[in-house]
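Take a look at the structure below.
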Amino acid sequence: MGEASTQDKSARTTAQIEADIARTRTQLASTLDELAVRVHPSTISAQVKAKAAAAVEERAGRAYVAANGLVEKVRAQFVDDKGQPRKERIVPAALVGVGVVLLVASARRRRKD
């Protein structure tokens, strides 16, 4: 095999060798251009921004799913399987809410005085 490849190389014409050199130069120039683009500060900056945006979107998506699950759990406490409100749970919760609002309002009045 080594002898055949040596013969193939020696059988090449000058034009073929020059064409190979030209092709190699073109490939090398293309590779160098690609490397220059990859290491350019604007390219690196864009990649960092894209990664940061993806991380934020991922965390926001997880937070949305978690919040949605929490809302569904709370909703299940106040609505039955048929979608009807559970008055036995809504009324006490509303009273607690009104009580909290009154406490906050009275605390603000005391601060102003």
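Scope of the values below: all heavy atoms of this structure, side chains included, with no hydrogens, waters or symmetry mates.
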Going from CZ on Arg75 to CG on Asn68, what distance comes out if it is rounded to the nearest 0.5 angstrom? 11.0 Å
Counting N and O atoms only, with roles assigned by atom type, does the side chain of Gln77 sit under 3.5 Å from a partner on the main chain of Val74, one being a donor and the other an acceptor? no
Please report the closest heavy-atom contact between Val39 and Ile44, naming both atoms and the distance. O-CD1, 3.6 Å
Atom pair CD (Glu18) and CZ (Arg25), whose distance is rounded to the nearest 0.5 Å: 9.5 Å
Using modelled atom types and a 3.5 Å cut-off, is there a donor and acceptor pairing between side-chain atoms of Thr43 and backbone atoms of Arg38? no
Atom CG in Asp20, atom CD in Gln27: separation rounded to 0.5 Å? 9.5 Å
Tell me who clusters with Leu102, hydrophobic residues only, linked when side chains sit under 4.5 Å apart either directly or through other members. Val98
Quick one: pull up CD1 in Ile21 and CD1 in Ile17 and give me the separation to the nearest 0.5 Å. 7.0 Å
Value rounded to 0.5 Å, distance of CD1 in Ile90 from CG in Leu95: 12.0 Å
For the atom pair CD (Glu88) and CZ (Arg86), what is the distance rounded to the nearest 0.5 Å? 6.5 Å
Under 4.5 Å between any side-chain heavy atoms of Thr26 and Arg23, yes or no? no
